[in-house]
Q: 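My structure is below; once you've seen it, I'll send some questions.
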Number of protein chains: 2
Amino acid sequence: MTIRHNGVVMNTRDRKHREMQEREAIILECARPMFIEGGYNGLNMDRLTSMLEYSKGTIYNHFSCKEEIIITLAIQTLEKRLAMFEKAALFQGTSRERIAAIGTAAELFVKLYPDHFRVEQTIRLDSIWDKTSEERRQVMSNCERRCIGVVSGVVRDGIASGDLNLKDTTSPEEIVFGLWSLSFGGYSIIATSNSLQEIGISEPFKMLRHNYSRFLDGIQWKPLSSEVDYDAVFERVSEEVFGNELQQITA
Amino acid sequence: MTIRHNGVVMNTRDRKHREMQEREAIILECARPMFIEGGYNGLNMDRLTSMLEYSKGTIYNHFSCKEEIIITLAIQTLEKRLAMFEKAALFQGTSRERIAAIGTAAELFVKLYPDHFRVEQTIRLDSIWDKTSEERRQVMSNCERRCIGVVSGVVRDGIASGDLNLKDTTSPEEIVFGLWSLSFGGYSIIATSNSLQEIGISEPFKMLRHNYSRFLDGIQWKPLSSEVDYDAVFERVSEEVFGNELQQITA
DNA sequence: CCCCATTATGACGGATCGTCATTATTAGTC
DNA sequence: GACTAATAATGACGATCCGTCATAATGGGG
């Protein structure tokens, strides 16, 4: 009836649940490199079956279709990004420095999980999206909303502190939309286009950071980039806030 | 040996070539709605075959695989975008107004071909991209490069006319990258996320245009948005330059 | 009218997704 | 430990779909 696991008393029900989760993690661990390697078609359910010690039916007990596996892969990394955003927003500094800190988080996230974009790009295709469960779609939307919330929180702090003045007709979310467009578009272009090199942009990540700064200068978010070296802020945040994560990249 | 077609003398060779192109157009015309409807999987080669009066082998004489059809669909619309960009760049006005004109072209293009993003999103997936021919990839890259060229041309004009002053360390292409990121990211988000409505952004296209303005204000591209009503410029360009295209949207 | 090069055809092989009847395992009880 | 009922695992199979290729049809030139 009751057993012990890791010193905690558990009943059969709990154990089954735990085993279920452990196996789910194993499946995803095996599926991720397959997806990264060959995309949607590269993730082959038969091959996945033969590589794991579970039969196909068992895998289909966890995920009702291929798309469910892929969206779960996306959720895994999105949750890490959310955590990084939340950590960055706690950075001690001016409101604009805190925005820069979140930008730093976004950049390090992209470098830490370079394959994430491919997963998210696939998921956002309607033909894939439609096959995923409403439940998991909710989880993904939540992640997105909370990320937006972190950024808009800092925008509101900027307004409250007087660093930023928006016209009455402008909502903080509009600014979030701008930053989001810049980063989503920028990282997408970096990941999927070779035109950048051809037009002589050799440090795209740095250029993208400068473009953030230009946008923020455009709304007069103080202190302006002419007054503060935000490249230096990037370096500081990288080390002070994301030192651990950084090692993973350079290692 | 020689025949007449549309009043032009043609030999057998020419006729075959023309028939080939006509058939290619027919195939693409049939494939496009199939792809729009159901994405990569929705474009079904068997169904395509049964809907056209050609056999599968014949279709495979034109396109060596499914991916070739999809990239050709992408190229078709990309060429239209390039044409719209080139037309917009000819707008008579200040350099910044001409940039706004290109922004107008980009927005109208998205509204005119709302399905284009889905096609391009699919093509940019490595697993699809890898199966396309080097030749067609070149055509696509060329389109992209020429679009970039149009924009960077206007940026250089802005510098030449004194409307824009960039630091020595900043290249015109960096600004192009910024505008490109903003628009690519913005339209992608509009097309694939419902978070925008949830955070209260009801006119995303307008907001995106304002974000362009903020970015351009940030680099002090004169005249600033405080001096000129760029929403009005958008309206003017829409009517004066793209009147014909506009009818198609509203109709 | 005939011949051969060129093009069209669609049956087929191969790959892959997801199902489900069958088999195995496990929990709980005596 | 033996038995049973519920639960879970299995993998053969049906269905779908891509791309090929042996065969058939076409038509241009002599």
Side-chain angles (χ1 to χ4, degrees), chain A residues 1-5 10-24 26-27 30-31 34-35 37-72 122 125 127-128 130-133, chain B residues 1-5 10-24 26-27 30-31 34-35 37-72 122 125 127-128 130-133:
Chain A
M1 176 51 133
T2 63
I3 53 169
R4 291 190 145 263
H5 179 74
M10 306 186 91
N11 61 24
T12 302
R13 210 186 148 85
D14 290 337
R15 198 202 74 213
K16 292 240 163 152
H17 188 71
R18 179 172 49 81
E19 283 176 353
M20 200 79 174
Q21 287 203 316
E22 283 171 359
R23 190 158 51 190
E24 200 156 301
I26 291 170
I27 295 171
C30 183
M34 286 178 73
F35 183 89
E37 183 60 37
Y40 180 80
N41 289 317
L43 176 52
N44 181 309
M45 300 303 281
D46 281 330
R47 201 151 66 90
L48 186 64
T49 287
S50 70
M51 286 178 69
L52 295 168
E53 55 182 334
Y54 314 117
S55 75
K56 205 186 256 194
T58 302
I59 291 174
Y60 274 87
N61 276 344
H62 288 267
F63 303 97
S64 66
C65 62
K66 205 177 162 172
E67 287 76 8
E68 284 282 284
I69 295 182
I70 299 175
I71 193 175
T72 309
T122 303
L125 290 174
S127 53
I128 308 289
D130 293 345
K131 291 184 188 162
T132 58
S133 66
Chain B
M1 175 54 129
T2 62
I3 54 169
R4 290 190 145 267
H5 178 74
M10 306 187 92
N11 61 24
T12 304
R13 209 186 147 83
D14 289 338
R15 198 203 74 215
K16 292 237 163 154
H17 188 70
R18 177 172 49 82
E19 283 176 352
M20 200 78 175
Q21 287 204 315
E22 283 171 359
R23 191 159 51 189
E24 198 156 302
I26 292 170
I27 294 171
C30 183
M34 285 179 74
F35 182 89
E37 183 60 38
Y40 180 81
N41 288 316
L43 175 53
N44 181 308
M45 300 305 281
D46 282 328
R47 201 152 66 91
L48 186 65
T49 286
S50 70
M51 287 178 70
L52 295 167
E53 55 182 335
Y54 314 118
S55 74
K56 205 186 257 193
T58 302
I59 291 174
Y60 274 88
N61 276 344
H62 288 268
F63 302 97
S64 66
C65 63
K66 205 178 162 172
E67 287 76 10
E68 285 280 284
I69 295 182
I70 300 175
I71 192 174
T72 308
T122 303
L125 290 175
S127 54
I128 309 290
D130 293 346
K131 291 184 190 165
T132 59
S133 66

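We use all heavy atoms of the structure for the numbers below, so side chains are in, but hydrogens, waters and symmetry mates are not. Within every chain, numbering begins at 1; the chains are lettered A, B, ... in the order of the sequence lines, protein sequences first and strands thereafter.
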Q: Hey, does the side chain of B:Ser55 come within less than 4.0 Å of C:dG10's phosphate (OP1/OP2), counting only N and O?
A: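 Looking at the OP1 and OP2 atoms of C:dG10, neither is under 4.0 Å from any side-chain N or O of B:Ser55.
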Q: Under 4.0 Å between any heavy atoms, over every strand shown, what does B:Asn61 touch: base, sugar-phosphate, or nothing? Just pick one.
A: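 Since only primed, P, OP1 and OP2 atoms lie under 4.0 Å of B:Asn61, the category is sugar-phosphate.
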Q: Please classify the nucleic acid contact of B:Asn44 as base, sugar-phosphate, or nothing, using heavy-atom distances under 4.0 Å.
A: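 Sugar-phosphate contact only - B:Asn44 comes under 4.0 Å of backbone atoms but never of a base.
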Q: So A:Leu52 and A:Arg23, do their side chains get closer than 4.5 Å, heavy atoms only?
A: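 Result no, sub-4.5 Å side-chain heavy-atom pair not found.
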Q: Go through C:dT9, D:dT10, C:dG18 for me and flag the one nearest to the A:Glu67 side chain.
A: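 Among C:dT9, D:dT10, C:dG18, the one nearest the side chain of A:Glu67 is C:dG18.
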Q: Return whichever of B:Gly57 or A:Cys65 has its heavy-atom-nearest nucleotide of DNA chain C closer to the 5' end.
A: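 By nearest-heavy-atom nucleotide position, the 5'-most residue is B:Gly57.
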Q: With a non-hydrogen cut-off below 4.0 angstrom, is B:Leu43 in contact with a base, only sugar-phosphate, or nothing?
A: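 Sugar-phosphate, no base atom in range.
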Q: Nearest heavy-atom pair of A:Ser127 and B:Tyr40: which atoms, and what distance?
A: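 Answer, listing the atom of A:Ser127 first, then B:Tyr40: OG-N, 4.3 Å.
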Q: Go through D:dC18, C:dC17, C:dG10 for me and flag the one nearest to the A:Lys66 side chain.
A: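 Per side-chain heavy atoms of A:Lys66, the pick is C:dC17.
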Q: Can you measure B:Tyr54 atom OH to D:dT26 atom P for me and round it to whole angstrom units?
A: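 Roughly 16 Å, once rounded to whole Å.
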Q: Between B:Glu24 and B:His62, is there a donor-acceptor pair closer than 3.5 Å when you use the side chain of the first and the backbone of the second?
A: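 No; judged by distance alone, with no hydrogens or angles, the pair does not exist.
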Q: Quick one: is C:dG10 close enough that its OP1 or OP2 comes under 4.0 Å of any side-chain N or O from B:Lys56?
A: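 For C:dG10, neither OP1 nor OP2 has a side-chain N or O of B:Lys56 closer than 4.0 Å.
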Q: Is any side-chain N of the basic residue among B:Arg18 and B:Glu22 closer than 4.0 Å to the acidic one's carboxylate O?
A: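 Between B:Glu22 and B:Arg18 there is a salt bridge, with a charged N closer than 4.0 Å to a carboxylate O.
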Q: Just compare C:dC17, D:dT20, C:dT9 and give me whichever is closest to any side-chain atom of B:Tyr60.
A: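 Shortest atom-to-atom distance from the side chain points to D:dT20.
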Q: Using a cut-off of strictly less than 4.0 Å, decide whether B:Arg23 has a side-chain nitrogen or oxygen near OP1 or OP2 of C:dT7.
A: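 For B:Arg23, the contact criterion (side-chain N or O under 4.0 Å from OP1 or OP2 of C:dT7) is not met.
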Q: May I ask you to say what B:Leu48 touches in the nucleic acid, namely base, sugar-phosphate or nothing, with a heavy-atom cut-off under 4.0 Å?
A: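 No contact at all - B:Leu48 keeps every heavy atom at 4.0 Å or more from the nucleic acid.
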